J.: 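Got a structure for you, questions after.
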Amino acid sequence: TDSFDYANYHTLSEIYSFQDMLVAENPNLVSKIVIGQSYEGRPLNVLKFSTGGSNRPAIWIDTGIHSREWVTQASGLWFAKKIVTDYGKDSALTAILNNMDIFLEIATNPDGYYFTHTSNRMWRKTRKPNPGNSCYGVDPNRNWDAGFGLPGASTNPCSETYHGPSAHSESEVKSIVDFVKSHGNIKTFISIHSYSQMLLYPCGYTTTPVKDQAELHSLAEKAITDLASLYGTRYRYGSIINVIYQASGSTVDWTYEQGIKYSYTFELRDTGSYGFLLPAKQIIPTAEETWLALMALMDHTYKNPY
Amino acid sequence: KETFEGHQVLRIVPKNELQLALLKNLEEIVEFELDVWMGVTGVSYPVDVRVPPHTLETFKSYLDSHDLEYSTMIEDVQAILDMEREQMKSAARLVQPRN
(Lines give C-alpha, C1' and ligand atoms only; values in the text may rest on other atoms or scores of the structure.)
Protein backbone atom coordinates (compact mmCIF):
# COMPACT_ATOMS: atom_id res chain seq x y z
CA THR A 1 0.00 0.00 0.00
CA ASP A 2 3.03 2.31 -0.01
CA SER A 3 2.80 2.63 -3.77
CA PHE A 4 -1.00 2.96 -3.82
CA ASP A 5 -2.05 6.15 -5.58
CA TYR A 6 -3.90 8.05 -2.85
CA ALA A 7 -4.14 11.12 -5.04
CA ASN A 8 -6.53 9.48 -7.48
CA TYR A 9 -9.98 7.98 -7.50
CA HIS A 10 -10.28 4.22 -7.58
CA THR A 11 -12.77 1.59 -8.63
CA LEU A 12 -14.53 -0.63 -6.13
CA SER A 13 -12.31 -3.61 -6.93
CA GLU A 14 -9.23 -1.48 -6.31
CA ILE A 15 -10.68 -0.46 -2.93
CA TYR A 16 -11.33 -4.10 -2.05
CA SER A 17 -7.76 -5.03 -3.10
CA PHE A 18 -6.35 -2.16 -1.08
CA GLN A 19 -8.16 -3.39 2.02
CA ASP A 20 -6.75 -6.89 1.60
CA MET A 21 -3.25 -5.53 1.03
CA LEU A 22 -3.44 -3.37 4.13
CA VAL A 23 -4.51 -6.35 6.21
CA ALA A 24 -1.75 -8.53 4.75
CA GLU A 25 0.88 -5.89 5.47
CA ASN A 26 -0.29 -5.19 9.03
CA PRO A 27 -1.65 -8.45 10.42
CA ASN A 28 -1.10 -7.40 14.02
CA LEU A 29 -3.01 -4.17 13.67
CA VAL A 30 -5.58 -4.49 10.90
CA SER A 31 -8.20 -7.10 10.17
CA LYS A 32 -11.12 -7.19 7.81
CA ILE A 33 -14.63 -7.90 9.01
CA VAL A 34 -17.49 -8.55 6.62
CA ILE A 35 -20.58 -7.19 8.33
CA GLY A 36 -23.04 -8.15 5.62
CA GLN A 37 -23.82 -8.00 1.94
CA SER A 38 -25.16 -5.23 -0.23
CA TYR A 39 -28.38 -5.75 -2.18
CA GLU A 40 -26.38 -6.92 -5.20
CA GLY A 41 -24.33 -9.29 -3.07
CA ARG A 42 -21.14 -7.34 -2.58
CA PRO A 43 -19.34 -7.70 0.74
CA LEU A 44 -19.71 -4.88 3.24
CA ASN A 45 -16.12 -4.75 4.44
CA VAL A 46 -15.04 -3.00 7.60
CA LEU A 47 -11.39 -2.55 8.54
CA LYS A 48 -10.75 -3.11 12.22
CA PHE A 49 -7.70 -1.41 13.69
CA SER A 50 -6.96 -3.01 17.02
CA THR A 51 -3.95 -3.61 19.23
CA GLY A 52 -5.67 -6.30 21.26
CA GLY A 53 -8.17 -6.81 24.03
CA SER A 54 -11.70 -7.93 23.60
CA ASN A 55 -14.64 -5.66 22.92
CA ARG A 56 -12.70 -2.52 23.67
CA PRO A 57 -14.49 0.80 23.43
CA ALA A 58 -14.52 1.70 19.79
CA ILE A 59 -14.69 4.44 17.21
CA TRP A 60 -16.67 3.96 14.00
CA ILE A 61 -15.97 5.89 10.80
CA ASP A 62 -17.81 5.36 7.53
CA THR A 63 -17.33 6.95 4.13
CA GLY A 64 -19.27 6.77 0.90
CA ILE A 65 -22.80 6.02 2.05
CA HIS A 66 -23.81 8.44 -0.72
CA SER A 67 -21.96 6.73 -3.51
CA ARG A 68 -21.32 9.71 -5.79
CA GLU A 69 -19.38 11.58 -3.10
CA TRP A 70 -16.13 10.01 -4.27
CA VAL A 71 -13.86 12.21 -2.21
CA THR A 72 -15.18 10.47 0.89
CA GLN A 73 -14.19 6.95 -0.17
CA ALA A 74 -10.86 8.32 -1.38
CA SER A 75 -10.34 10.00 2.00
CA GLY A 76 -11.25 6.73 3.72
CA LEU A 77 -8.39 4.99 1.90
CA TRP A 78 -6.02 7.73 3.01
CA PHE A 79 -7.27 7.50 6.63
CA ALA A 80 -6.66 3.74 6.65
CA LYS A 81 -3.06 4.19 5.55
CA LYS A 82 -2.62 7.11 7.95
CA ILE A 83 -3.69 4.97 10.90
CA VAL A 84 -1.14 2.24 10.19
CA THR A 85 1.58 4.78 9.41
CA ASP A 86 1.04 6.90 12.51
CA TYR A 87 0.50 4.11 15.02
CA GLY A 88 3.65 3.96 17.15
CA LYS A 89 4.79 7.36 15.89
CA ASP A 90 2.02 9.78 16.75
CA SER A 91 1.54 9.73 20.50
CA ALA A 92 -2.12 10.73 20.48
CA LEU A 93 -3.15 8.10 17.94
CA THR A 94 -0.99 5.48 19.63
CA ALA A 95 -2.66 6.16 22.97
CA ILE A 96 -6.09 5.90 21.37
CA LEU A 97 -5.27 2.62 19.65
CA ASN A 98 -3.69 1.17 22.76
CA ASN A 99 -7.03 1.55 24.47
CA MET A 100 -9.67 1.60 21.80
CA ASP A 101 -10.46 0.00 18.44
CA ILE A 102 -11.20 1.88 15.26
CA PHE A 103 -13.64 0.51 12.68
CA LEU A 104 -13.53 2.00 9.19
CA GLU A 105 -16.05 1.20 6.46
CA ILE A 106 -14.68 2.74 3.26
CA ALA A 107 -17.26 1.64 0.69
CA THR A 108 -20.46 1.84 2.69
CA ASN A 109 -22.69 1.71 -0.38
CA PRO A 110 -20.70 -0.53 -2.75
CA ASP A 111 -23.53 -1.14 -5.25
CA GLY A 112 -24.01 2.58 -5.62
CA TYR A 113 -20.27 3.14 -5.93
CA TYR A 114 -19.93 0.49 -8.61
CA PHE A 115 -22.89 2.06 -10.43
CA THR A 116 -21.21 5.48 -10.35
CA HIS A 117 -18.24 3.97 -12.16
CA THR A 118 -20.16 1.94 -14.71
CA SER A 119 -23.50 3.58 -15.41
CA ASN A 120 -24.28 6.84 -13.72
CA ARG A 121 -21.68 9.02 -12.03
CA MET A 122 -24.47 10.95 -10.32
CA TRP A 123 -25.87 7.96 -8.42
CA ARG A 124 -26.33 8.57 -4.72
CA LYS A 125 -28.74 5.94 -3.37
CA THR A 126 -28.67 2.17 -2.91
CA ARG A 127 -29.51 -0.05 -5.88
CA LYS A 128 -32.47 -2.04 -4.62
CA PRO A 129 -35.50 -1.96 -6.91
CA ASN A 130 -38.70 -0.45 -5.55
CA PRO A 131 -41.59 -2.83 -6.29
CA GLY A 132 -44.25 -1.21 -8.45
CA ASN A 133 -41.99 1.69 -9.39
CA SER A 134 -39.41 2.07 -12.12
CA CYS A 135 -37.09 4.15 -9.93
CA TYR A 136 -34.35 2.31 -8.03
CA GLY A 137 -32.81 2.81 -4.67
CA VAL A 138 -33.26 4.34 -1.27
CA ASP A 139 -31.38 7.20 0.33
CA PRO A 140 -29.38 5.31 2.96
CA ASN A 141 -29.12 8.47 5.03
CA ARG A 142 -32.91 8.65 5.45
CA ASN A 143 -33.42 4.96 6.16
CA TRP A 144 -32.57 4.81 9.87
CA ASP A 145 -35.05 4.27 12.66
CA ALA A 146 -34.83 7.79 14.07
CA GLY A 147 -37.78 9.94 13.10
CA PHE A 148 -38.15 7.61 10.13
CA GLY A 149 -40.68 8.89 7.60
CA LEU A 150 -41.13 12.28 9.21
CA PRO A 151 -40.75 15.46 7.12
CA GLY A 152 -37.24 15.80 5.77
CA ALA A 153 -37.30 12.66 3.64
CA SER A 154 -39.29 11.82 0.55
CA THR A 155 -42.03 9.22 0.12
CA ASN A 156 -41.34 9.21 -3.62
CA PRO A 157 -39.01 6.38 -4.79
CA CYS A 158 -37.81 8.62 -7.63
CA SER A 159 -36.54 11.25 -5.22
CA GLU A 160 -32.89 11.40 -4.17
CA THR A 161 -34.07 11.50 -0.55
CA TYR A 162 -36.52 8.57 -0.68
CA HIS A 163 -36.60 7.05 2.80
CA GLY A 164 -37.45 3.51 1.71
CA PRO A 165 -40.37 1.24 2.53
CA SER A 166 -39.39 0.83 6.19
CA ALA A 167 -36.61 1.73 8.59
CA HIS A 168 -33.48 -0.37 7.98
CA SER A 169 -34.97 -1.82 4.79
CA GLU A 170 -31.56 -1.46 3.10
CA SER A 171 -29.05 -4.18 3.88
CA GLU A 172 -26.27 -1.59 3.77
CA VAL A 173 -27.98 0.16 6.69
CA LYS A 174 -29.23 -2.93 8.52
CA SER A 175 -25.74 -4.45 8.52
CA ILE A 176 -24.37 -1.43 10.39
CA VAL A 177 -27.35 -1.45 12.75
CA ASP A 178 -26.73 -5.11 13.59
CA PHE A 179 -23.01 -4.54 13.99
CA VAL A 180 -23.41 -1.51 16.26
CA LYS A 181 -25.96 -3.31 18.43
CA SER A 182 -23.96 -6.49 18.71
CA HIS A 183 -20.74 -4.65 19.45
CA GLY A 184 -22.40 -2.60 22.17
CA ASN A 185 -19.33 -0.55 23.03
CA ILE A 186 -19.02 2.02 20.26
CA LYS A 187 -18.38 5.42 21.75
CA THR A 188 -17.93 7.59 18.68
CA PHE A 189 -19.72 7.28 15.35
CA ILE A 190 -18.63 9.48 12.45
CA SER A 191 -20.39 9.31 9.10
CA ILE A 192 -18.62 11.16 6.32
CA HIS A 193 -20.33 12.88 3.40
CA SER A 194 -19.41 15.64 0.97
CA TYR A 195 -19.72 18.52 0.15
CA SER A 196 -20.54 21.92 1.77
CA GLN A 197 -18.06 21.99 4.66
CA MET A 198 -20.04 21.21 7.77
CA LEU A 199 -19.64 19.19 10.92
CA LEU A 200 -23.01 18.24 12.31
CA TYR A 201 -24.42 16.48 15.32
CA PRO A 202 -27.96 15.26 16.17
CA CYS A 203 -30.75 15.91 15.69
CA GLY A 204 -32.05 16.24 12.17
CA TYR A 205 -35.70 15.43 12.68
CA THR A 206 -36.50 17.63 15.67
CA THR A 207 -35.45 21.04 16.90
CA THR A 208 -35.36 19.79 20.49
CA PRO A 209 -31.71 19.95 21.51
CA VAL A 210 -30.09 16.66 22.48
CA LYS A 211 -28.99 16.15 26.07
CA ASP A 212 -25.29 16.51 25.23
CA GLN A 213 -25.65 19.46 22.88
CA ALA A 214 -23.28 21.75 24.79
CA GLU A 215 -20.45 19.22 24.77
CA LEU A 216 -21.07 18.17 21.17
CA HIS A 217 -21.06 21.80 20.12
CA SER A 218 -17.82 22.73 21.81
CA LEU A 219 -16.14 19.57 20.54
CA ALA A 220 -17.31 20.35 17.01
CA GLU A 221 -15.83 23.81 17.35
CA LYS A 222 -12.51 22.34 18.43
CA ALA A 223 -12.56 19.84 15.55
CA ILE A 224 -13.27 22.41 12.85
CA THR A 225 -10.68 24.77 14.31
CA ASP A 226 -8.07 22.02 14.05
CA LEU A 227 -9.24 21.24 10.52
CA ALA A 228 -8.95 24.87 9.47
CA SER A 229 -5.43 25.13 10.86
CA LEU A 230 -4.01 23.28 7.83
CA TYR A 231 -5.43 25.05 4.77
CA GLY A 232 -7.87 27.55 6.24
CA THR A 233 -10.94 25.62 5.11
CA ARG A 234 -13.90 27.05 7.00
CA TYR A 235 -16.64 24.77 8.27
CA ARG A 236 -20.03 25.48 9.77
CA TYR A 237 -21.12 23.36 12.69
CA GLY A 238 -24.16 22.65 14.81
CA SER A 239 -27.15 20.34 14.88
CA ILE A 240 -28.36 18.98 11.54
CA ILE A 241 -31.74 20.69 11.69
CA ASN A 242 -30.28 24.05 12.63
CA VAL A 243 -27.37 24.09 10.23
CA ILE A 244 -28.84 22.34 7.18
CA TYR A 245 -32.52 21.47 7.19
CA GLN A 246 -34.95 19.00 8.60
CA ALA A 247 -33.73 15.51 7.69
CA SER A 248 -35.48 12.52 9.16
CA GLY A 249 -34.13 8.98 9.46
CA SER A 250 -30.51 10.03 9.36
CA THR A 251 -27.57 7.92 10.49
CA VAL A 252 -26.24 9.85 13.44
CA ASP A 253 -29.66 10.52 14.93
CA TRP A 254 -30.06 6.76 15.21
CA THR A 255 -26.59 6.20 16.63
CA TYR A 256 -27.08 8.95 19.21
CA GLU A 257 -30.35 7.37 20.27
CA GLN A 258 -28.48 4.08 20.69
CA GLY A 259 -26.38 5.81 23.34
CA ILE A 260 -23.38 6.75 21.19
CA LYS A 261 -22.82 10.22 22.56
CA TYR A 262 -20.19 11.37 20.08
CA SER A 263 -22.24 11.01 16.90
CA TYR A 264 -21.17 13.32 14.11
CA THR A 265 -21.58 13.64 10.40
CA PHE A 266 -19.19 15.51 8.13
CA GLU A 267 -19.74 17.31 4.86
CA LEU A 268 -16.23 17.54 3.45
CA ARG A 269 -14.68 20.41 1.54
CA ASP A 270 -16.00 22.08 -1.55
CA THR A 271 -13.71 24.03 -3.84
CA GLY A 272 -16.69 26.10 -4.89
CA SER A 273 -16.26 25.04 -8.49
CA TYR A 274 -17.22 21.43 -8.83
CA GLY A 275 -19.49 20.43 -5.98
CA PHE A 276 -18.90 16.81 -5.14
CA LEU A 277 -17.07 16.27 -8.45
CA LEU A 278 -13.86 17.32 -6.78
CA PRO A 279 -10.74 17.08 -8.94
CA ALA A 280 -8.48 14.28 -7.76
CA LYS A 281 -5.81 16.76 -6.72
CA GLN A 282 -8.15 17.80 -3.92
CA ILE A 283 -8.24 14.32 -2.36
CA ILE A 284 -5.12 14.52 -0.23
CA PRO A 285 -5.70 18.07 1.08
CA THR A 286 -9.27 17.05 1.92
CA ALA A 287 -8.16 13.92 3.74
CA GLU A 288 -5.32 15.68 5.54
CA GLU A 289 -7.47 18.44 6.96
CA THR A 290 -10.31 16.06 7.82
CA TRP A 291 -7.88 13.84 9.66
CA LEU A 292 -7.10 16.68 12.06
CA ALA A 293 -10.79 16.97 12.92
CA LEU A 294 -11.12 13.20 13.25
CA MET A 295 -8.19 13.18 15.64
CA ALA A 296 -9.86 15.88 17.72
CA LEU A 297 -13.04 13.79 17.96
CA MET A 298 -11.20 10.55 18.68
CA ASP A 299 -8.85 12.10 21.22
CA HIS A 300 -11.75 13.70 23.08
CA THR A 301 -13.54 10.36 23.19
CA TYR A 302 -10.45 8.65 24.55
CA LYS A 303 -9.95 11.30 27.23
CA ASN A 304 -13.60 11.48 28.23
CA PRO A 305 -14.79 7.92 28.77
CA TYR A 306 -18.46 7.42 29.50
CA LYS B 1 -24.12 4.53 -19.67
CA GLU B 2 -25.93 7.69 -18.65
CA THR B 3 -24.19 10.83 -19.82
CA PHE B 4 -24.76 14.44 -18.87
CA GLU B 5 -24.03 16.52 -21.97
CA GLY B 6 -25.40 20.01 -21.58
CA HIS B 7 -26.43 19.52 -17.97
CA GLN B 8 -25.59 22.57 -15.95
CA VAL B 9 -25.18 23.08 -12.23
CA LEU B 10 -26.66 26.36 -11.11
CA ARG B 11 -25.80 28.02 -7.85
CA ILE B 12 -28.76 29.95 -6.46
CA VAL B 13 -28.47 32.25 -3.49
CA PRO B 14 -31.71 33.06 -1.64
CA LYS B 15 -31.91 36.65 -0.47
CA ASN B 16 -34.83 36.40 1.93
CA GLU B 17 -37.20 34.00 3.69
CA LEU B 18 -39.67 34.08 0.81
CA GLN B 19 -37.03 32.93 -1.67
CA LEU B 20 -35.84 30.37 0.84
CA ALA B 21 -39.33 28.89 1.00
CA LEU B 22 -39.52 28.75 -2.80
CA LEU B 23 -36.22 26.91 -3.02
CA LYS B 24 -37.26 24.40 -0.38
CA ASN B 25 -39.97 23.18 -2.74
CA LEU B 26 -37.74 22.89 -5.80
CA GLU B 27 -37.37 19.14 -5.63
CA GLU B 28 -41.13 18.74 -5.59
CA ILE B 29 -41.48 20.51 -8.94
CA VAL B 30 -40.97 17.32 -10.91
CA GLU B 31 -41.20 18.86 -14.39
CA PHE B 32 -37.81 20.55 -13.91
CA GLU B 33 -36.14 17.14 -13.28
CA LEU B 34 -33.68 18.72 -10.88
CA ASP B 35 -30.99 16.97 -8.91
CA VAL B 36 -30.30 18.99 -5.79
CA TRP B 37 -26.58 18.71 -5.04
CA MET B 38 -26.57 21.07 -2.12
CA GLY B 39 -29.87 21.78 -0.46
CA VAL B 40 -31.33 24.81 1.17
CA THR B 41 -29.74 25.82 4.43
CA GLY B 42 -30.50 29.49 4.99
CA VAL B 43 -30.70 32.97 3.57
CA SER B 44 -27.48 33.90 1.74
CA TYR B 45 -26.28 30.28 1.65
CA PRO B 46 -26.00 28.80 -1.83
CA VAL B 47 -28.14 26.02 -3.22
CA ASP B 48 -26.66 23.94 -6.06
CA VAL B 49 -28.87 22.11 -8.54
CA ARG B 50 -28.10 20.07 -11.61
CA VAL B 51 -30.48 20.91 -14.44
CA PRO B 52 -30.86 18.83 -17.60
CA PRO B 53 -30.63 20.75 -20.90
CA HIS B 54 -34.25 20.27 -21.90
CA THR B 55 -35.57 22.07 -18.80
CA LEU B 56 -32.78 24.60 -18.47
CA GLU B 57 -34.51 27.52 -20.15
CA THR B 58 -37.81 26.95 -18.35
CA PHE B 59 -36.02 26.65 -15.04
CA LYS B 60 -33.99 29.79 -15.58
CA SER B 61 -37.20 31.64 -16.46
CA TYR B 62 -38.72 30.36 -13.24
CA LEU B 63 -35.76 31.69 -11.28
CA ASP B 64 -35.91 35.05 -13.08
CA SER B 65 -39.62 35.38 -12.50
CA HIS B 66 -39.07 34.98 -8.76
CA ASP B 67 -36.09 37.31 -8.74
CA LEU B 68 -33.84 34.44 -7.62
CA GLU B 69 -30.19 35.21 -8.32
CA TYR B 70 -28.13 32.41 -9.80
CA SER B 71 -24.82 31.74 -11.44
CA THR B 72 -23.63 28.80 -13.51
CA MET B 73 -21.31 26.71 -11.35
CA ILE B 74 -20.73 24.02 -14.00
CA GLU B 75 -21.34 24.81 -17.67
CA ASP B 76 -21.34 21.21 -18.83
CA VAL B 77 -21.31 18.37 -16.31
CA GLN B 78 -20.19 15.86 -18.92
CA ALA B 79 -17.06 17.86 -19.65
CA ILE B 80 -16.05 17.53 -15.99
CA LEU B 81 -16.88 13.83 -16.02
CA ASP B 82 -14.81 13.29 -19.17
CA MET B 83 -11.89 15.05 -17.49
CA GLU B 84 -12.30 12.92 -14.38
CA ARG B 85 -12.43 9.74 -16.45
CA GLU B 86 -9.37 10.71 -18.45
CA GLN B 87 -7.50 11.49 -15.22
CA MET B 88 -8.36 8.07 -13.80
CA LYS B 89 -7.28 6.33 -16.99
CA SER B 90 -3.94 8.11 -17.13
CA ALA B 91 -3.34 7.44 -13.43
CA ALA B 92 -4.03 3.75 -14.02
CA ARG B 93 -1.53 3.74 -16.90
CA LEU B 94 1.14 5.19 -14.63
CA VAL B 95 0.71 2.48 -12.00
CA GLN B 96 1.23 -0.72 -13.98
CA PRO B 97 1.38 -3.91 -11.92
CA ARG B 98 4.92 -5.12 -11.32
CA ASN B 99 6.10 -8.46 -12.62
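Chain letters run A, B, ... following the sequence lines, proteins first and then strands; every chain starts at 1. Please read all numbers here as calculations on a predicted model, not as lab measurements.
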J.: Please look at A:Thr118 and chain B and tell me whether the side chain, the backbone, both or neither of the residue comes under 4.5 angstrom of a heavy atom of that chain.
T.: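 It is the backbone, since no side chain atom gets that close.
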J.: Return the orientation label for the A:Tyr237 and A:His217 ring planes: parallel under 30°, perpendicular over 60°, tilted otherwise.
T.: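 Ring orientation, 0 to 90° scale: tilted.
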J.: Mind checking what makes salt bridge (charged side-chain N to carboxylate O under 4.0 Å, His left out) contact with B:Glu69, not counting sequence neighbours?
T.: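 Counting only residues at least two positions away or on another chain, B:Glu69 forms a salt bridge (charged side-chain N to carboxylate O under 4.0 Å, His left out) with B:Lys15.
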J.: Any chance you could measure A:Thr265, atom OG1, to A:Ile190, atom CD1, to the nearest 0.5 Å?
T.: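 A:Thr265 OG1 to A:Ile190 CD1: 10.0 Å, rounded to 0.5 Å.
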J.: Using the ring of each side chain (for Trp, its six-membered ring), is A:Tyr195 parallel, tilted or perpendicular to B:Trp37, with breaks at 30° and 60°?
T.: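 Judged by the thresholds at 30° and 60°, the geometry between A:Tyr195 and B:Trp37 is perpendicular.
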J.: Would you check if A:Phe266 and A:Leu227 make a side-chain contact, meaning some heavy-atom pair closer than 4.5 Å?
T.: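 In contact.
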J.: Regarding A:Thr126 and A:Glu170, do their side chains bring together a donor and an acceptor under 3.5 Å, going by distance alone?
T.: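 On atom types as modelled, these side chains qualify, holding a pair under 3.5 Å.
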J.: Under 4.5 Å, heavy atom to heavy atom, which residues of residues 6-16 of chain A contact chain B?
T.: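 So far as heavy atoms go, A:Asn8, A:Tyr9, A:His10, A:Thr11 are the residues that approach chain B to under 4.5 Å.
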J.: When you compare the side chains of A:Ser250 and A:Asn141, does any donor N or O come within less than 3.5 Å of an acceptor on the partner?
T.: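 Side chains of A:Ser250 and A:Asn141: no pair found under 3.5 Å.
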J.: Does any backbone or side-chain atom of A:Arg124 lie under 4.5 Å from a heavy atom of chain B? Answer side chain, backbone, both or neither.
T.: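 Neither part.
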J.: Report which part of A:Ser196 has an atom under 4.5 Å of a heavy atom belonging to chain B: side chain, backbone, both, or neither.
T.: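 Contact with chain B involves both backbone and side-chain atoms of A:Ser196.
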J.: Work out which heavy atom in A:Cys158 is nearest to a heavy atom in A:Asn133; give both atom names and the distance.
T.: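 In this case the closest contact between A:Cys158 and A:Asn133 is SG-OD1, 3.6 Å.
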J.: Find out whether A:Tyr235 and A:Glu267 are in side-chain contact, i.e. whether some heavy atom of one side chain is under 4.5 Å from a heavy atom of the other.
T.: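 A:Tyr235 vs A:Glu267: side chains apart.
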J.: Can you name the residues that form a salt bridge (charged side-chain N to carboxylate O under 4.0 Å, His left out) with B:Glu84, not counting sequence neighbours?
T.: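 Checked B:Glu84 against salt bridge (charged side-chain N to carboxylate O under 4.0 Å, His left out); matches are A:Arg121.
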J.: Relative to the ring of A:Tyr201, is the ring of A:Tyr264 parallel (under 30°), tilted (30 to 60°) or perpendicular (over 60°)?
T.: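 If you compare the ring of A:Tyr264 with that of A:Tyr201, the planes turn out perpendicular.
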J.: Heavy-atom cut-off 4.5 Å, strictly under: side chain, backbone, both or neither for A:Trp123 against chain B?
T.: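 Neither part.
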J.: Anything in residues 39-61 of chain B with a heavy-atom distance to chain A below 4.5 Å? Please list those residues in order.
T.: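 Those residues of residues 39-61 of chain B which have a heavy atom under 4.5 Å from chain A are B:Gly39, B:Val40, B:Thr41, B:Tyr45, B:Asp48, B:Arg50.
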